[in-house]
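Proteins come first, then strands; the chains are lettered A, B, ... in the order of their sequence lines, and each starts at number 1. The analysis underlying the following values was restricted to heavy atoms, covering all of them including side chains, and did not include hydrogens, waters or symmetry mates.
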2 protein chains.
Amino acid sequence: MGGRERRATVADVAALAGVSVGTASKALNGRGSLREETRTRVKEAARQLNVLVGPAGRGVASGRTYTVGMITTDRMGRISLPVLMGAEDALGAGQMSVFLCDGRDDPIREQYYLKTLLSRRVDGIIVTGRRTRPRAPIGANLPVPVVYAYIGSTDPRDCTVEPDEAGGVRKGIEHLLAIGRTRIAHIAGPEQHNSSRLRSAAAADRLAEEGLELVTPPMFGAWTETWGRQAVGILLSSRIEFDAVFCGNDQIGRGAADALRAAGRRVPEDVAILGFDNWDIMAEYSQPPLTSVDMNLTGLGRSAAHILLAGINGNPSPGRHLYPCDLVIRESTTVPLLSAPRTPDARPGADLRPEASVAGLTGHGMPLAGDVPHASAG
Amino acid sequence: MGGRERRATVADVAALAGVSVGTASKALNGRGSLREETRTRVKEAARQLNVLVGPAGRGVASGRTYTVGMITTDRMGRISLPVLMGAEDALGAGQMSVFLCDGRDDPIREQYYLKTLLSRRVDGIIVTGRRTRPRAPIGANLPVPVVYAYIGSTDPRDCTVEPDEAGGVRKGIEHLLAIGRTRIAHIAGPEQHNSSRLRSAAAADRLAEEGLELVTPPMFGAWTETWGRQAVGILLSSRIEFDAVFCGNDQIGRGAADALRAAGRRVPEDVAILGFDNWDIMAEYSQPPLTSVDMNLTGLGRSAAHILLAGINGNPSPGRHLYPCDLVIRESTTVPLLSAPRTPDARPGADLRPEASVAGLTGHGMPLAGDVPHASAG
DNA sequence: CTGAAAGCGCTAACAT
DNA sequence: ATGTTAGCGCTTTCAG
């Protein structure tokens with residue numbers, strides 16, 4: 001645990017530098033107008049004493065704590081984590097620290113945390129969590145701004161940042177169309193899930209715009225590989241023809257890929273597969289790796305944090321904000337480049353732009369992945 | 001973002017209740033000796049004013065902030081997250097809040113965060129991160145106690161809490177022995193990895209105690225499914241007989257299971273598989289689900305937090321602490337219960353089993369998911 | 001340009 | 001049992 005060192009204060013620094021505390025404070029914070037010489041002398045003293053002035057006393061003096069709370073309403077995981085990281089990133093850069101609170105799906109805990117955060121006088125709160133449906137507001141009339149990230153609030157006046165899942169699905173479907181697929185099947189998650197219905201509807205809508213429809217109604221099931229396999233079984237035995245499968249998530253996609261391969265269908269030559277989530281471990285290690293919609297959760301979290309900061313500074317943006325999804329293209333929808341020098345991390349075949357040489361589509365270019373954080377295509 | 005409410009203070013409460021601030025403070029904190037009537041009156045006033053006294057001013061007054069920092073040295077993930085959650089859990093119960101800092105593998109960021117935390121006058125610090133090898137201490141002679149969780153420190157005087165991987169391996173091997181397997185192969189991760197070597201050695205040691213040895217030297221490779229499949233291929237073509245495979249992690253295990261099944265070996269009847277990590281998504285959805293060693297990361301985090309709290313209270317426990325691993329038994333080492341009750345959530349259309357057509361599979365019932373999350377070994 | 005002094009929200013001695 | 005007072009570490013007027 002290491003020996004402890006006495007903690008010096010600004011007063012100590014002032015003494016060492018032979019100035020008053022007020023002066024020392026200004027010097028350390030770059031405020032006020034001081035002679036340069038004084039400023040450096042103070043800083044030097046601070047360095048010697050190993051003093052870091054921070055929000056400790058500042059908070060009580062200035063009314064702001066430079067601190068925000070982040071409450072995950074369900075146990076943190078694949079969804080909340082990237083959101084959290086994004087937010088932490090954005091806030092950290094803004095000199096704010098983040099209090100982490102894991103509500104563990106328990107409303108009591110959640111309220112307890114809310115109280116704790118308020119008692120600590122955080123400057124703002126971010127609420128996040130895996131969403132099934134919009135949640136009840138975490139509190140009414142709170143003294144600090146709140147933004148909901150990923151998960152929505154049932155109160156439309158609340159500030160939320162949500163992934164544009166429908167937009168993501170559209171990008172994916174457009175990609176399938178661009179590579180000439182028109183007979184698209186859709187293996188979905190559980191029908192009760194919001195996301196599941198939303199994604200199905202978006203797919204159907206986008207196809208309708210081309211005068212197409214899914215080869216079967218959405219096949220609702222579970223978010224599992226097993227369901228992906230089973231659904232493909234059903235599809236195959238139904239003798240319906242299809243040249244692409246849009247899967248509600250990557251696990252389903254992976255199961256589907258396995259089952260298709262086992263049945264002797266080539267992916268993507270015979271059947272292309274489109275996943276959702278771009279969950280690396282699933283999408284990349286699938287055989288073949290899956291093209292998938294990425295919700296940009298980290299970006300979403302970052303965005304939520306920025307909106308919160310604006311709110312803290314008195315510029316609230318109430319209401320619903322959508323954050324765009326990207327499409328990450330892998331081999332389940334493109335022929336791999338055999339000769340491509342594969343970097344361990346990269347997407348082989350990313351440069352192989354799908355030849356829009358195809359049917360029905362009025363050859364508008366593929367809206368290739370929103371690029372920013374992803375598609376390193378180049 | 002909701003309307004803001006003016007934030008009332010203890011002084012306001014005191015005024016409303018018609019007492020002095022001192023008294024109000026005592027009432028609100030259950031300290032000192034007050035008439036019950038006064039206490040309730042004050043509390044009532046606080047409720048009305050929506051006042052929560054918290055560590056805001058308390059910190060500056062008492063010298064303690066009731067706050068600890070948690071630094072993940074690498075980007076947070078499968079390892080750090082459960083550790084974090086455990087710690088957060090233990091600390092939250094102790095009324096402490098946690099500052100989350102993700103070092104992103106960047107020593108600069110890490111040091112920046114360290115400074116930030118110290119400037120916020122946290123009471124203590126937990127350092128965590130995916131370990132490859134013990135790391136350099138995050139700082140020397142810090143003014144607060146530090147405990148390293150999961151990841152070790154190169155300074156033996158530092159307080160660390162690490163998983164007892166060797167113990168976990170021993171439990172696993174003992175389980176294999178208990179089900180009558182003696183010809184055990186070992187597919188390991190990369191040889192450079194600490195964990196990899198450690199797990200291999202532990203396996204060999206435990207077998208040696210029975211006068212046995214691995215059927216081949218540890219096969220070092222990568223932590224991937226692909227390697228699991230390849231290694232099984234090597235094993236099979238070598239014609240060495242084996243009735244169990246201890247895999248360095250669950251991904252390897254999963255690949256091994258796939259390859260064995262494809263080659264017509266029954267798991268677990270012909271070959272039992274033991275994984276490591278008990279990474280739910282891998283172990284549970286493998287076919288069959290994998291028996292695996294669980295490092296109890298959440299418990300480890302909780303333990304680290306408790307040790308830190310003790311340290312903060314003046315009872316440091318420097319040095320290395322080992323946290324026990326558990327064995328979670330699934331079907332890769334046991335014959336499945338055919339009559340197992342199905343949960344509603346799972347597998348719609350379970351009767352249509354496409355994979356039944358795959359070569360050599362003796363169609364035993366669908367490997368039902370691991371059910372009990374933690375069946376610990378006897 | 002610098003120092004003195006007041007005060008942020010709260011606790012902890014010490015008086016009453 | 002309650003009130004008074006003096007800080008905690010720091011910022012911020014406001015005088016000098």
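- At whole-Å resolution of the value, CG in Asn29(B) and P in dT11(C) are 4 Å apart.
- In this structure, the CZ atom of Arg64(A) is 14 Å from the P atom of dT11(D), given to the nearest Å.
- Taking side-chain N and O atoms only, Thr9(A) has no distance below 4.0 Å to OP1 or OP2 of dC8(D).
- Between the side chains of Thr116(B) and Ser119(B), no donor N or O sits under 3.5 Å from an acceptor N or O.
- Atom P of nucleotide dT2(C) and atom CG of Leu34(A) are separated by 6 Å, given to the nearest angstrom.
- For Glu44(B) and Arg47(B), the salt-bridge test passes: some basic side-chain N is under 4.0 Å from an acidic carboxylate O.
- In terms of phosphate contacts, Ser33(B) brings a side-chain nitrogen or oxygen within less than 4.0 Å of OP1 or OP2 of dA1(D).
- Under 3.5 Å, the side chains of Arg120(A) and Thr67(B) contain a donor-acceptor pair of N or O atoms.
- Rounded to whole Å, the distance from OH on Tyr66(B) to C1' on dC8(D) is 13 Å.
- At the phosphate of dT12(D), OP1 or OP2 sits under 4.0 Å from a side-chain N or O atom of Arg31(A).
- Listed pair Arg58(A) / dT11(D) meets the phosphate criterion, a side-chain N or O lying under 4.0 Å from OP1 or OP2.
- Between Ser25(B) and dC10(C) there is no side-chain N or O to OP1 or OP2 distance below 4.0 Å.
- The listed nucleotides are dC10(C), dC10(D), dA13(C); the one nearest the side chain of Arg121(A) is dC10(C).
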